[in-house]
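Structure first, then comments.
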Amino acid sequence: TNVDGVFEYYCVVSFSSGGCSTVTSSTITIVIMPDPTIDTQPLANDTICYGGTIATPLTVSYTAGTGVGNITYQWYDGVFPIGTVGTGTGANTDSYTPITDILGIGSYYYYAIISFDGNDCQDAISDSAQIVIIPDPIVTSPCNIPDTVCQTSTGAPSAFLPLTTTATGGIGTYNYQWWVNDGSGFVMATGPDATTASYTPPSNVVGTFDYFCVVSQNPTSANCSVNTDTCTLVVNPAPIVNTPPQNDSLCVDGIIPDLYVIPTGPGIITYEWFRVETLGDVSVATTATYSPATNVDGVFEYYCVVSFSS
């Protein structure tokens with residue numbers, strides 16, 4: 001039985017007396033199958049991030065026409081011959097997903113043994129599959145821009161600088177999704193740059209907003225994902241400067257009330273008054289009010305530039 005193949009045997013029976021002729025037995029067929037071999041080996045190696053699971057199960061198959069009897073599969077965690085019986089999904093089938101989401105950073109090995117219960121069939125042992133677990137990607141903080149601006153009109157460019165993060169590590173191409181919370185819960189940010197590494201938040205709505213970015217890599221089962229720091233940005237109401245009616249007519253050296261404006265806006269308010277001149281407007285004061293000279297006749301126009309510190 002040391003050579004596989006199909007063999008037929010029969011027996012010729014002879015009798016020593018009585019004049020009986022010989023008798024030939026029926027043919028007996030013996031089929032000797034090759035020991036089982038593996039024609040589909042498990043994936044040689046795969047890389048996932050900490051807490052992840054392989055996207056495609058480890059798979060084996062035996063070569064048709066090898067082995068005899070009922071087939072069984074058994075996966076092992078470790079390296080042959082000292083592996084331990086696998087506890088993942090499909091440990092007794094041809095496809096196996098090992099438990100990896102509880103493992104630490106490092107390399108892990110798995111193999112399968114295919115067995116037949118036929119007479120003296122040797123086991124077939126697969127190659128080892130290596131799964132490497134690496135740390136999640138690392139991202140830089142995007143919270144390095146001025147965090148407070150004044151409201152802009154709808155359609156105008158944002159007053160914010162872009163929030164930008166840089167990713168390193170992990171495995172594969174980086175995917176980005178920015179999230180925003182206006183106080184009612186986080187939702188996906190919208191806009192053409194909300195799925196890029198650099199996102200410019202809008203500033204046309206007053207309020208306090210939190211932003212962060214989820215940086216991930218495919219496949220999602222590999223769990224290569226990390227969140228950036230959360231940035232809190234504030235949009236203050238747009239400043240308003242109300243100029244009450246103050247046009248006046250008077251004689252030379254007349255007395256008029258000081259000129260003034262009524263500003264509304266955030267932070268420290270500063271003022272600079274200008275007199276309109278043909279060759280260029282002239283700065284005349286940096287106080288909240290201004291008392292124009294009246295010792296020369298003529299028509300004079302004044303205005304105030306109001307600045308807000310935040």
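Residue indices begin at 1 and follow the sequence shown. Just so it is clear, the model here is predicted, and its values are computed rather than measured.
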>> Checking Tyr176 against Tyr199 for the ring-ring contact (aromatic ring centres under 6.0 Å, His included) test, could you report, in this order, the C-alpha distance in whole Å, the side-chain angles of both residues, the deciding distance, and whether it holds?
In response: CA-CA 10 Å; Tyr176 303 89; Tyr199 171 65; over 10 Å; no
Report task. Verify side-chain hydrogen bond (donor to acceptor under 3.5 Å, both in side chains) between Thr37 and Thr63, making sure each step is shown before the conclusion. Result -> CA-CA 6 Å; Thr37 58; Thr63 305; 2.9 Å; yes
_Leu233 vs Phe160, test: side chain to side chain contact (heavy atoms under 4.5 Å, CB included). Steps then yes/no._
CA-CA 9 Å; Leu233 304 181; Phe160 285 116; 3.7 Å; yes
Report task. Could you give me the CA-CA distance, side-chain angles and deciding distance for Ser61 and Asp94, then say whether side-chain hydrogen bond (donor to acceptor under 3.5 Å, both in side chains) is met? Result -> CA-CA 7 Å; Ser61 65; Asp94 59 353; over 6 Å; no
**OP:** Show your reasoning for whether side-chain hydrogen bond (donor to acceptor under 3.5 Å, both in side chains) applies to Ser158 and Thr200.
**Re:** CA-CA 7 Å; Ser158 175; Thr200 302; over 6 Å; no
| said: Please determine whether side-chain hydrogen bond (donor to acceptor under 3.5 Å, both in side chains) holds for the pair Ser225 and Ser216, giving the CA-CA distance in whole Å, both sets of side-chain angles, and the decisive distance to 0.1 Å. | reply: CA-CA 4 Å; Ser225 177; Ser216 62; 5.2 Å; no
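Rounded to the nearest 0.5 angstrom, Glu272 CD and Ser283 OG are separated by 3.5 Å.
Residues forming a side-chain contact (heavy atoms from CB on, under 4.5 Å) with Asn92 (at least two apart in sequence, or on another chain): Gln74.
When ring centroids are compared, Tyr62 and Phe116 come within the 6.0 Å threshold. Aromatic ring centres of Tyr302 and Tyr290 lie closer together than 6.0 Å.
With Asp77 as the fixed residue, the side-chain hydrogen bond (donor to acceptor under 3.5 Å, both in side chains) test singles out one of Tyr109, Tyr96, Tyr108, Tyr111: Tyr96. For the side chain to side chain contact (heavy atoms under 4.5 Å, CB included) with Ile134, the lone residue among Ile105, Ile171, Ile48 that qualifies is Ile171.
By the 30° and 60° cut-offs, the orientation of the rings of Phe212 relative to Phe186 is perpendicular.
Asp101 and Asn223 are not linked by any side-chain donor-acceptor pair at a separation below 3.5 angstrom, with hydrogens and angles left out of the test.
What you find for Tyr110 and Ile99 is that their closest heavy atoms are OH-O, 4.4 Å.
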